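Reviewing the structure listed below.
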Amino acid sequence: MNASVSHYLHQLKLCAGSQTSSTAKKLHAQIIKAALHLCPPLPNTLLGVYGKCGLVGDALHLFDEMPHRDHVSWASLLTAHNQASLPHRTLSMFRFMYESDSLLPDHFVFASVVKACSSLGAIRQGKQVHARFMLSQFCEDDVVKSSLVDMYAKCGLPDNARAVFDSISKRSVVSWTALISGYARSGRKLDALEMFEKLPVKSLFSWTALISGLVQSGNGVDALYLFIEMRREGVDIVDPLVLSSTVGACANLAVLELGKQVHGLVIGLGYGSCLFISNTLVDMYAKCSDILAAKYIFGGMQQKDVVSWTSIIVGVAQHGRAEEALTLYDGMVGAGIKPNEVTFVGLIYACSHVGFVSKGRAIFRSMIEDYGIRPCLQHYTCFLDLLSRSGHLSEAWNVINSMPFEPDEPTWAALLSACKQHGDTQMGIRVADHLLSLNPEDPSSYILLSNVYAGAGMWENVAKVRKLMTAREVKKNPGYSSIDIGKESQVFYAGETSHPLKDEIFDLLKELDAEMRKRGYVPDSSFVLHDMEQQEKEKLLFWHSERLALAYGLLKAVPGTPIRIVKNLRVCGDCHTVLKFISSIVKRDIIVRDATRYHHFSKGECSCNDFW
DNA sequence: ATAGGGTTAG
């Protein structure tokens, strides 16, 4: 080989390692000047270097001008687009491989194309590529097979992933990791653990795959136990990816004390200023209802990206601070960060919280016109929520009928709470019927329907709904609330009477009840789904889990500190009223995270504006 | 010379 060719080859390799785009362009210019730009393998190497430096445009330009393109050129170009997160382009260009250069895919190309399918979740095309691969001369290639394992795993087909995995002759760590991650993220806990146990050598990579997969499938508790086990095994956390999943688990479970401990670990390991991790910490504190800590982390961040801004906007919006969310949005735009579709979910949500109808309409329009974002179903749902909360029921109905999506459960639920709020029983019943037909197994649909009837005083229908639930064997999930006192966590179930402090709790609730009635409280038993005497119903309400947790908190927590409660179901209307009364009687802030939102009770008011 | 696995916001 020509001495200068190998010189440039060496330089390009260095440049690929350091990923400095200016050097890539300089080297390209020098190569042209030296008239070596057609000497193989320089054109292909250059193509790869452009890809690694993130210069897809230059890569494509070079590719277009190459007189002789081979398999390596194609593989490099497709990989460049995968790396630039443009898997759509990877697939669309792949279609022209045969047409423009009469080339059939080789194993390198197959691997890139499969990866593109997996990041798009394009299972139909993925299966087609799989078939072509099986018919090709490369059908025994293990690298392509491991990319197929990953594709099926990511598309939620772990059994297909397993079938490919079993066909691999020499299984690499990569294929193991892909499969374990696939099982974990599909919620196949036992399969994931079984494969993990069989894994000959467990690296940080494999632990991360398992733990993050479990967090993604909502198995946060298992994920946290595995994280503890990983620490016990002495695995060196040389990069922080596993920490973001762990912080995420704390966020999903709303376990503030544990979250703080993991935060301490993050700082101890030296990742306190890592962008990714700070983003998850902002989210975690917001979800654990410590919005002050969330703002503190956000304020201290050296660099902030769209996720950082969106996390804090969504966080304050969920805590009912709409004006603050909108101010933050101005700050975001001012800082030159472009909002994305998630940001707009938060913003529309914020507007709907305080009934900023025209502001919300303007934001919805701006999203489409200024940022070219096509609204998805979730945007429509938030927007509907805004319209229906503020009483624009017919406009909401029009939107639901004209939007380009089939309404899903949250959509109907948004409309339904509005019907209830505005006493529109007829529409409420229609909506509840839709909801019920969409998900006849979900107890909350029945509760909502029953509440509509109860709100209208249609007691016979309330009874019918209850009978329907029995007939269909739909069981209401038992309600429970948890509360942290110091580092201890306590869980209370509705109606629980076996707690060691039950007498103290009962006495306190009795005392508060008397004081509330003096101030005008009348129990609203329409939320109780049973046929029984009024007094019996009130007794049931009295033992709702959030009240037990609250009383325990008042007895045990440091005086003056806010009481934080996490509930698995939605707070019932009567408890909501009670919590407002109690916040003003005991002059304490009470923060409840229920199944759908946050309630900050303070001085007799709630941040949700009595709408949830 | 080119390929495959683990990370954050709804």
Side-chain angles (χ1 to χ4, degrees), chain A residues 5 9 12-13 16 40-49 51-52 70-80 82-83 105-115 118 138 141-151 153-154 161 168 172-182 184-185 203-213 215-216 239-248 251 271 274-284 286-287 305-315 317-318 339-349 376-379 381-382 410:
Chain A
V5 168
L9 216 46
L12 285 168
K13 235 175 222 160
L42 287 181
N44 283 342
T45 312
L46 204 44
L47 193 52
V49 171
K52 287 205 179 65
D70 56 11
H71 284 99
V72 180
S73 327
W74 276 93
S76 306
L77 181 76
L78 298 178
T79 306
N82 280 345
Q83 282 164 350
D106 67 355
H107 41 323
F108 289 89
V109 170
F110 272 125
S112 291
V113 173
V114 171
K115 188 184 158 79
S118 108
F138 305 98
D141 187 272
D142 286 347
V143 172
V144 178
K145 284 184 186 175
S146 62
S147 68
L148 284 165
V149 171
D150 178 58
M151 180 191 78
K154 285 221 176 76
I168 299 178
S172 66
V173 198
V174 177
S175 50
W176 279 94
T177 315
L179 185 64
I180 292 169
S181 156
R185 75 174 81 202
S203 67
L204 176 63
F205 224 99
S206 20
W207 281 100
T208 308
L210 179 62
I211 291 172
S212 67
V215 175
Q216 283 167 33
D239 73 64
L241 276 75
V242 70
L243 295 172
S244 50
S245 289
T246 309
V247 174
Y271 298 117
C274 168
L275 178 63
F276 256 103
I277 305 291
S278 301
N279 288 347
T280 34
L281 285 169
V282 169
D283 180 56
M284 184 273 288
K287 288 214 169 73
D305 65 2
V306 59
V307 178
S308 333
W309 285 98
T310 303
S311 302
I312 194 69
I313 286 173
V314 169
Q318 284 177 331
N340 66 16
E341 67 280 7
V342 186
T343 319
F344 284 107
V345 171
L347 291 169
I348 303 167
Y349 182 88
C376 69
L377 181 56
Q378 207 181 0
H379 294 114
T381 302
C382 286

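Atoms considered below: every heavy atom in the structure, side chains included; atoms not considered: hydrogens, waters and symmetry mates. Residue numbering restarts at 1 for every chain, and letters A, B, ... go by the order of the sequence lines. This is a predicted model, so every value here is computed, not measured.
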| Any idea which heavy atoms bring A/V242 and A/I211 closest together, and the distance? | CG2-CD1, 4.0 Å
| note | Heavy-atom closest pair (A/V5 atom, A/P41 atom, distance to 0.1 Å) is CG1-CD, 4.4 Å
Mind calculating the distance between [atom1] ([X]) and [atom2] ([N]) to the nearest angstrom?
{"X": "A/I211", "N": "B/dT8", "atom1": "CD1", "atom2": "P", "answer": "13 Å"}
{"X": "A/I168", "N": "B/dG4", "atom1": "CD1", "atom2": "C1'", "answer": "9 Å"}
{"X": "A/D283", "N": "B/dG10", "atom1": "CG", "atom2": "C1'", "answer": "10 Å"}
{"X": "A/Y271", "N": "B/dT8", "atom1": "OH", "atom2": "P", "answer": "16 Å"}
{"X": "A/L210", "N": "B/dT7", "atom1": "CG", "atom2": "P", "answer": "12 Å"}
{"X": "A/L377", "N": "B/dG10", "atom1": "CG", "atom2": "P", "answer": "17 Å"}
{"X": "A/K145", "N": "B/dA3", "atom1": "NZ", "atom2": "P", "answer": "21 Å"}
{"X": "A/K52", "N": "B/dA3", "atom1": "NZ", "atom2": "P", "answer": "5 Å"}

Phosphate oxygens OP1/OP2 of [N]: is one of them under 4.0 Å from a side-chain N or O of [X]?
{"X": "A/S212", "N": "B/dT7", "result": "yes"}
{"X": "A/Q318", "N": "B/dA9", "result": "no"}
{"X": "A/K287", "N": "B/dG10", "result": "yes"}

Given [options], the nucleotide with the shortest approach to the side chain of [X]:
{"X": "A/S244", "options": "B/dT2, B/dG10, B/dT7", "result": "B/dT7"}
{"X": "A/E341", "options": "B/dG6, B/dA3, B/dG10", "result": "B/dG10"}
{"X": "A/F205", "options": "B/dG5, B/dA9, B/dT7", "result": "B/dG5"}
{"X": "A/P41", "options": "B/dT8, B/dA1, B/dG6", "result": "B/dA1"}
{"X": "A/V306", "options": "B/dT8, B/dA1, B/dA9", "result": "B/dA9"}
{"X": "A/S311", "options": "B/dA9, B/dG10, B/dA1", "result": "B/dA9"}
{"X": "A/K115", "options": "B/dG5, B/dG6, B/dA1", "result": "B/dG5"}
{"X": "A/T177", "options": "B/dG5, B/dG4, B/dG6", "result": "B/dG5"}
{"X": "A/V144", "options": "B/dA3, B/dT7, B/dA9", "result": "B/dA3"}

For [X], report the nucleic acid contact type (base, sugar-phosphate, nothing); a contact means any heavy atom under 4.0 Å.
{"X": "A/N44", "answer": "base"}
{"X": "A/N340", "answer": "base"}
{"X": "A/S172", "answer": "base"}
{"X": "A/D141", "answer": "base"}
{"X": "A/D239", "answer": "base"}
{"X": "A/V314", "answer": "sugar-phosphate"}
{"X": "A/V282", "answer": "nothing"}

Regarding [N], can its base be found pairing with the side chain of [X] as donor and acceptor, where the two atoms are less than 3.5 Å apart?
{"X": "A/S147", "N": "B/dG4", "result": "no"}
{"X": "A/D142", "N": "B/dG4", "result": "no"}
{"X": "A/S245", "N": "B/dG6", "result": "no"}

| Donor on one side chain, acceptor on other, A/N82 and A/T79, under 3.5 Å | no
| query | For A/T280 and A/D283, what are the C-alpha separation, side-chain angles and deciding distance, and is it a side-chain hydrogen bond (donor to acceptor under 3.5 Å, both in side chains)? | reply | CA-CA 5 Å; A/T280 34; A/D283 180 56; over 6 Å; no
| Min side-chain heavy-atom separation A/S172-A/S175 under 4.5 Å | yes
| field | A/F276-B/dT8 aromatic stacking (under 5.5 Å, under 30°) | value | no
| message | Applying the side-chain contact (heavy atoms from CB on, under 4.5 Å) criterion to A/S147, which one of A/D142, A/V114, A/V113 satisfies it? | response | A/V114
| Do you know which of A/V314, A/V342, A/I313, A/T310 makes side-chain contact (heavy atoms from CB on, under 4.5 Å) with A/L347? | A/I313
